[in-house]
Every structure is written in C-alpha cells, then in structure tokens.
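Below is one structure, written out as structure tokens, with a few remarks after it.
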Amino acid sequence: MLGLELDPDKVAVFAGIGCSGRISNYLNYSTVHCAHGRALPFATGAKVADPELKIIVVMGDGDCAAIGGNHLIHAARRNVDLTAVVFNNSIYGMTGGQKSPSTHVGDRSTTSPFGNSEPAFDLCELARAAGATYVARGTSWAYRQLVQLIAGGLVHEGFSFIEAMAICNTYYGRFNLTADSAEFLRLQKEHAVAVDKFDVDGPRLRDLYPVGVIHHVERPAYSDVFSDMRQKAGGRGGG
Amino acid sequence: MPQPRKLVQGNEAVAEGAIAAGARFFAGYPITPSTEIAEILSRRMPEVGGSFLQMEDEIASMGAVIGASLAGVKALTATSGPGFSLMQELIGYAAMAQVPCVIVDVMRGGPSTGLPTDPSQGDVMQSRWGTHGEHSMIVLVPSTVLECFTLTVDAFNLSEQYRTPVIVLSDAMVGHMREAVALRVEDLRLARRGEPDCDPDEYDTVVSTLDHILPRPDLGSRFRVHATGLVYNRRSGAVDTSDPEVAADLGLYLREKIYHHRDAIVRVEEVGTEDAEIGLFAYGSVARSARAAMKAARKKGVRVGLLRPITLWPFPTGAVDRMAEHVETIIVPEMNIRQMAWEVQAAVAGRAKVVDLGRVDGRLITPAQIEELIDREVDHLRAR
Ligand SMILES: Cc1ncc(C[n+]2csc(CCOP(=O)(O)OP(=O)(O)O)c2C)c(N)n1
Ligand SMILES: [Mg+2]
C-alpha cells in the first residue's frame with residue numbers, strides 16, 4: 001500500500017510493557033516484548049549486531065518518557081537507525097490510570113486526585129532536542145496521516161520518532177475529557193493543528209498541539225559509524 | 001604450536017576469553033574494578049569485526065546485550081556490584097526468554113558504593129537469587145588469570161547450550177592481578193549458534209526437552225521469533241498468563257533444564273580431600289589462600305583437604321556430600337559474612353561441623369588467618 005517493500009524476514013518489532021506494548025502479540029513479524037522502558041536498548045543492541053534488521057520500536061508514554069526516558073534521549077543522540085512509535089495516551093493505561101510524564105497540569109488520574117501538579121513533556125520537542133533526525137506527531141483520528149508519518153519514519157535513515165496521540169477513554173478520558181471513545185477521537189480533530197499553521201513560539205497544551213512532520217534532517221546513522229570504526233581498527237592491524 | 005607465556009591481567013584474560021569464544025558484541029558502563037574489560041574490548045571488538053557499545057547505564061547495557069544475542073551475535077557485558085544490581089531485572093528477562101548471554105561481575109565491597117577498589121565476594125547470593133521469580137542460574141568463579149580466560153569461554157558455551165544467561169563471578173583481586181600464562185586459542189571447543197533443525201512453519205510446535213534444547217533462531221532469519229518476558233506456553237510459544245498449567249510447566253522447565261544437567265555443568269577442584277580430617281571450602285581469590293594454608297597444615301601433619309567450586313551455582317552438593325562423609329570439620333573462608341557457609345551447612349546437614357571465616361573489610365583473607373583457624377579446630381578435635 002505504501003510501497004515500502006519491507007522484507008518481512010528482516011523486520012523486528014521491539015515493544016515495551018503497557019497496553020501499547022501488547023502490539024507485539026498482534027503482528028506477524030518477529031517480535032520482542034521487552035521489559036518496561038527498555039525496548040530502545042534492546043533494539044539498539046540488535047541493530048548494531050545485525051544492521052540488516054528493519055527495526056520498529058513501540059512504546060507507551062510512560063514506558064518511553066518515564067522509566068525509559070534516559071534511553072530515549074540516548075537513542076536519539078546516537079541516531080540509531082530505527083523507527084520509534086510512542087502511543088501517547090497521557091496516562092499509565094495498563095496499570096489502571098496513574099499519571100505519566102505526559103499527563104498535563106491539572107489533569108486527574110488515580111495518582112493525581114487533586115489535579116496533576118507537574119507539567120508534561122512535549123515528547124516531540126524532547127526527541128528533537130536530544131538529536132532525533134525525523135520527528136512527527138499524528139492522531140488516531142487522522143489515522144491515514146498517521147500511517148503516512150510512520151511510513152516516512154520507516155524510509156528515513158536514522159532515529160525516527162513518531163508520537164501517535166492515542167485515546168484512553170477508559171481512564172484518561174473518563175477522568176478528564178470524555179468516556180466516549182468516538183467523542184474523544186472527535187476532540188483530537190479539534191485539538192490537532194497542522195504544524196505549518198502552528199505558532200511555534202506559542203504554548204503546547206492538552207487541547208492544542210501541532211501535527212505533521214515536526215523535524216527532519218540527515219546525519220550519519222549509528223550503524224554506519226560502526227562500519228567506519230571497524231575499518232579504522234582493521235587498518236591498525238588486528239591480532 | 002606452543003604459545004609463549006605472557007604477563008596477563010585477570011580482566012584482560014576475560015576480554016580475550018570472550019573474543020576467543022566468538023563473542024562479537026560488548027555493551028557496558030564503566031565501573032571499577034571491571035573497567036579494563038570494557039577498555040580492552042573497545043579496541044579488540046572492532047579489530048575482529050565486532051561491536052563495542054558504551055551505554056547510558058547498566059540496565060541499557062544488559063538490554064543491548066540481549067538484543068544483540070537475539071540478533072544472532074554472542075554478547076557479553078561486564079560490571080561490578082552497583083551495576084550488577086541494576087542489571088538484575090534484565091538478567092531475569094534473559095532467563096525467562098531463554099536468551100544466551102554472559103555477564104561478568106568483578107566483585108567489590110558493598111553494599112552501595114561500598115569499597116570501590118577492594119575485593120569482596122559479597123555478590124555470591126545475588127548472582128544466584130538477584131532477580132525475582134523462579135529460574136536456574138549458572139555461575140562460574142575464576143581463581144586464577146588462566147581461569148578468567150577459560151571460564152569465560154566455558155560461560156559462552158554453557159549459555160548457548162542451555163539457552164540461558166551465565167555469570168562469570170570474578171573479584172577485584174582476581175581481576176586486577178597479573179600472572180604469566182599462555183592463552184591457548186587453538187584447542188578450544190566452541191558452541192555454535194545453529195538454526196533449529198526444523199521447518200520455520202513448524203518451529204512453534206517443536207518443543208525443547210530437557211535432553212534436547214533447541215537452538216534459538218535469530219531475528220532476521222527465516223524463522224519468526226517471539227521473545228517475551230511474560231509467561232508463555234512452551235509448546236506453542238503463545239503468551240498465556242492465565243493458565244496455571246502453562247506457568248507451572250515453564251517455571252519448572254526453566255529450573256530443571258539446568259538442574260537436570262547438573263553433573264555435566266558442575267565442576268570442582270578437590271585437593272587432598274580423600275584422607276582429610278579437616279576440609280576447606282573456598283572459591284575465587286580466597287581459594288588461593290586456602291590452598292597455601294592447606295599446604296602449610298599438611299607440612300605440620302594435619303590432614304587438610306580443599307574443595308574449590310569452579311561452578312558456584314548450581315551448588316556442588318555432590319562434592320560437599322562426599323566431603324561431609326569423612327571430615328570432622330569444614331572451614332568456609334569467604335569475603336562476605338556466611339553467604340556460602342549457610343549453603344554448605346545445609347548440604348552437610350549435621351554430618352560435620354561447619355566453621356565460617358568471614359571478612360568484609362576489603363582486605364584479603366590470608367593463609368595465616370586460615371591456618372590459625374585450622375590449628376584451633378585441630379585442638380578441638382584432639383581435645384575430644
Ligand atoms: C520495572 C517495572 N515497573 C513497573 C511496571 C508496571 N507497569 C506496567 S505497564 C506500566 C505503565 C504503562 O503506561 P504506559 O507506558 O504509558 O503504557 P500504556 O499502558 O498507557 O500504553 C507500568 C507502570 C513494570 N511492568 N515494570
Ligand atoms: Mg500511556
């Protein structure tokens with residue numbers, strides 16, 4: 001459909017732990033269901049060991065930005081050649097609705113009963129600042145665009161990061177917006193603004209955020225750096 | 001062709017052992033007293049076409065090692081106490097998902113930052129029980145520089161054969177000392193990572209048995225690999241956390257696949273144990289002092305024997321059994337407080353007196369200290 005021509009034998013999906021991580025059970029590729037927060041280090045090791053692998057990493061927002069936050073910034077800095085997709089539902093879904101680093105100020109969750117007192121990360125800005133070379137955000141509402149954004153990440157060489165704005169009507173929606181999933185999806189349509197129409201200096205809010213390709217540059221991918229290093233070492237004469 | 005003897009450091013021997021075993025991937029985070037292993041491999045890995053990664057922490061290092069192994073490359077990491085603690089969750093992952101890999105822990109004084117540059121044997125229980133849940137563990141303890149080399153090779157072979165993480169438990173003394181050794185690479189027996197001998201479509205239905213553990217297919221091969229830390233059905237690969245039979249089957253298998261092969265895995269060195277009245281149970285660097293103490297005691301006419309576990313886990317119950325049958329007393333010197341002495345005592349089950357000699361001040365247990373204890377125990381025996 002997208003003309004990506006992926007060799008299914010070479011695709012490996014690494015997933016974190018959470019509702020989002022369960023994706024590894026639904027795919028007919030080789031999959032690695034990692035530990036909570038650790039999908040990126042697993043994937044980094046695999047990619048360096050076998051550069052022919054086409055790696056997709058799927059994480060939740062807590063998975064990626066809380067327990068795995070350190071791995072996120074370092075994978076971005078290294079520009080590891082893989083595609084990271086974060087399902088951002090602004091909550092810890094799997095464990096029953098606790099706040100995450102992408103829960104906004106004032107939001108309610110089972111661990112912020114009086115409203116969240118901490119600000120949320122903007123995951124795309126975090127990834128960009130850390131060195132990601134392809135950064136995009138899409139929504140479940142505009143799923144065709146989201147598919148295109150992920151495809152853009154798959155063809156990009158280097159660390160591509162796609163924030164997929166997901167809905168958790170069961171917890172986040174019920175506590176803060178709406179428990180109705182269709183209504184929640186419709187709200188996404190209102191909240192999402194095309195990146196070229198978004199005021200870059202303005203605030204990013206729960207109800208107002210840019211979607212589309214946010215950042216795209218080229219720089220040598222991590223595996224290429226390794227082949228250079230091996231050549232240098234070989235040139236020195238091994239043994 | 002005989003190889004010339006060279007002055008080699010223990011950590012260096014571990015690094016060369018890994019290369020000789022066919023490891024082509026290292027990921028780690030610097031920590032004394034293990035750092036030389038990373039430094040040496042940062043040079044050696046690229047030279048032999050392998051990869052070296054300095055990760056952001058030890059959790060990431062262990063994750064990268066598992067990822068590399070899943071991709072088909074023999075992989076290791078090296079660390080010390082604080083880093084070893086951080087790795088535990090993912091060591092459990094490797095045990096659960098049956099991913100071969102090697103973890104080198106060069107022990108230092110603890111807990112916490114402890115005594116960063118001093119030797120210790122404080123991690124012997126952590127190496128066995130550090131991660132949560134039920135599983136088995138293979139732990140090898142080198143006591144010489146040569147063993148740092150050979151046991152690292154053995155660790156890789158065992159990890160491939162039994163599809164399990166294997167730990168090389170060194171310490172600051174063994175890791176930093178130098179001995180004149182020849183690291184012979186010619187006649188090493190190496191386990192290879194083969195493909196399962198079945199059709200990719202059938203893979204999920206061919207079940208490993210205790211006597212025939214299927215090799216793990218690699219990511220990127222013709223096989224569909226599904227690795228997970230969740231409980232899975234050993235017979236279909238499907239994740240199924242709701243069926244108690246499935247969980248029990250996996251839990252017992254992960255334990256039995258090692259214990260069933262205990263005789264093939266467990267190795268000990270026994271010196272002078274046949275006629276001993278006093279036994280010494282000592283491992284790693286402390287075994288060196290124990291050997292010296294034994295020789296000194298024998299010169300004085302006291303029949304002392306040394307049991308030196310090379311495999312610390314699975315615990316060498318059989319060898320302790322043999323010793324317990326004919327000695328009066330077993331002395332367990334170790335650089336911790338009673339960690340293995342408890343285990344020895346359990347195996348001895350009252351058949352002999354077990355005396356512990358612990359030390360946690362970062363100093364080595366000296367031959368004189370052990371001799372003194374031997375003398376005291378001899379006096380007790382003669383006074384009876
Ligand atoms: C080390 C560790 N800590 C905590 C947990 C419990 N846990 C499982 S999923 C999860 C959070 C899931 O939230 P998120 O990553 O946002 O994924 P979601 O379920 O929302 O998709 C937590 C805390 C765990 N499995 N492992
Ligand atoms: Mg979430």
Side-chain angles (χ1 to χ4, degrees), chain A residues 7-15 17 21-22 24-25 27-55 67-68 70-75 77-78 80 222-223 226-239, chain B residues 19 24-27 42-75 77 89-94 96-97 99 101 200 217-230 232 237-240:
Chain A
D7 174 356
D9 282 352
K10 293 292 168 197
V11 174
V13 177
F14 288 77
I17 301 294
R22 297 302 295 233
S24 58
N25 283 8
L27 296 171
N28 189 23
Y29 292 123
S30 279
T31 60
V32 183
H33 194 204
C34 307
H36 189 36
R38 316 301 173 196
L40 281 170
F42 275 57
T44 301
K47 183 66 188 178
V48 169
D50 181 359
E52 279 183 21
L53 291 176
K54 186 76 191 160
I55 294 186
I67 191 164
N70 198 29
H71 308 315
L72 170 68
I73 59 176
H74 287 278
R77 171 178 68 86
R78 296 184 177 112
V80 187
Y222 199 43
S223 334
F226 272 89
S227 26
D228 287 355
M229 185 161 53
R230 285 184 200 112
Q231 251 164 11
K232 269 191 213 154
R236 249 202 332 261
Chain B
I19 299 280
R24 290 296 177 266
F25 186 96
F26 175 94
S42 74
R43 184 176 289 267
R44 290 289 282 133
M45 279 295 177
E47 276 178 3
V48 296
S51 313
F52 167 88
L53 268 70
Q54 181 169 320
M55 296 301 285
E56 53 273 22
D57 59 30
E58 287 85 350
I59 304 175
S61 305
M62 192 59 216
V65 161
I66 293 172
S69 180
L70 287 169
V73 176
K74 290 184 190 172
T77 185
E89 186 198 4
L90 294 188
I91 293 175
Y93 182 99
M96 183 60 145
V99 185
C101 55
D218 302 329
L219 294 173
S221 69
R222 304 172 298 140
F223 291 77
R224 286 290 173 275
V225 180
H226 299 290
T228 179
L230 281 167
Y232 50 91
V239 165
D240 187 348

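All chains are named by letter (A, B, ...) in the order of the sequence lines, taking the proteins before the strands, and each is independently numbered beginning at 1. Computation of the quantities below employed the complete heavy-atom set of this structure, encompassing side-chain atoms and omitting hydrogens, waters and symmetry-equivalent molecules.
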First locate atom CE of A/Met229, then atom OG of B/Ser51, and finally report the distance between them rounded to the nearest 0.5 Å.
7.0 Å
Most heavy-atom pairs under 4.5 angstrom with chain B, which of A/Ser30, A/Ser24, A/Ala49?
A/Ser30
Among A/Thr44, A/Asn70, A/Asp50, single out the residue with the greatest number of heavy-atom pairs under 4.5 Å to chain B.
A/Asn70
Under the ring-ring contact (aromatic ring centres under 6.0 Å, His included) criterion, do B/Tyr93 and A/Phe42 qualify, and how do the steps go?
CA-CA 11 Å; B/Tyr93 182 99; A/Phe42 275 57; 5.0 Å; yes
Answer with side chain, backbone, both or neither: which region of A/Leu27 has an atom nearer than 4.5 Å to a non-hydrogen atom of chain B?
backbone
Contact origin within B/Ala27 toward chain A - heavy atom pairs under 4.5 Å:
neither
Could you tell me which of A/Ala39, A/Pro8, A/Pro41 has the largest number of non-hydrogen atom pairs under 4.5 Å with chain B?
A/Pro41
Can you tell which part of A/Asn25 gets under 4.5 Å to a heavy atom of chain B, answering side chain, backbone, both or neither?
side chain
Give a yes or no on whether the backbone of B/Ala60 and the side-chain of A/Arg38 come within a donor-acceptor separation of less than 3.5 Å.
no
Separation between CZ (B/Arg222) and CG (A/Asp9), nearest 0.5 Å, reads 9.0 Å
B/His226: partners by side-chain hydrogen bond (donor to acceptor under 3.5 Å, both in side chains), with sequence neighbours left out
A/Thr31
Is B/Glu56 salt-bridged to A/Arg78, going by a charged N under 4.0 Å from an acidic O?
yes
Got A/His71 and B/Asp57 here, is their nearest side-chain heavy-atom distance under 4.5 Å?
yes
Examine whether an atom of B/Ser221 lies under 4.5 Å from a heavy atom of chain A, and if so say whether it belongs to the side chain, the backbone or both; otherwise answer neither.
backbone
Side chain, backbone, both or neither of B/Leu230 within contact of chain A (heavy atoms, under 4.5 Å):
side chain
Quick check for you: among B/Ile59, B/Leu70, B/Val65, B/Asp218, which has the greatest number of heavy-atom pairs under 4.5 Å with chain A?
B/Ile59
With a 4.5 angstrom heavy-atom cut-off, which part of A/Asp7 approaches chain B: side chain, backbone, both or neither?
neither
Just so I understand: if I count every heavy-atom pair under 4.5 Å between each of A/Lys54, A/His74, A/Arg77 and chain B, which residue has the most?
A/His74
Greatest number of heavy atom pairs closer than 4.5 Å to chain B - which of A/Ala15, A/Cys34, A/Ser227, A/Ala12:
A/Cys34
So what's closer than 4.5 Å to chain B heavy atoms on A/Ala35: side chain, backbone, both or neither?
both
May I ask you to test the B/Phe52-A/Val48 pair for a side-chain heavy-atom distance under 4.5 Å?
no
Portion of B/Val225 that has a non-hydrogen atom of chain A nearer than 4.5 angstrom
both
Select one option (side chain, backbone, both, neither) describing which atoms of A/Tyr29 are under 4.5 Å from chain B's heavy atoms.
backbone
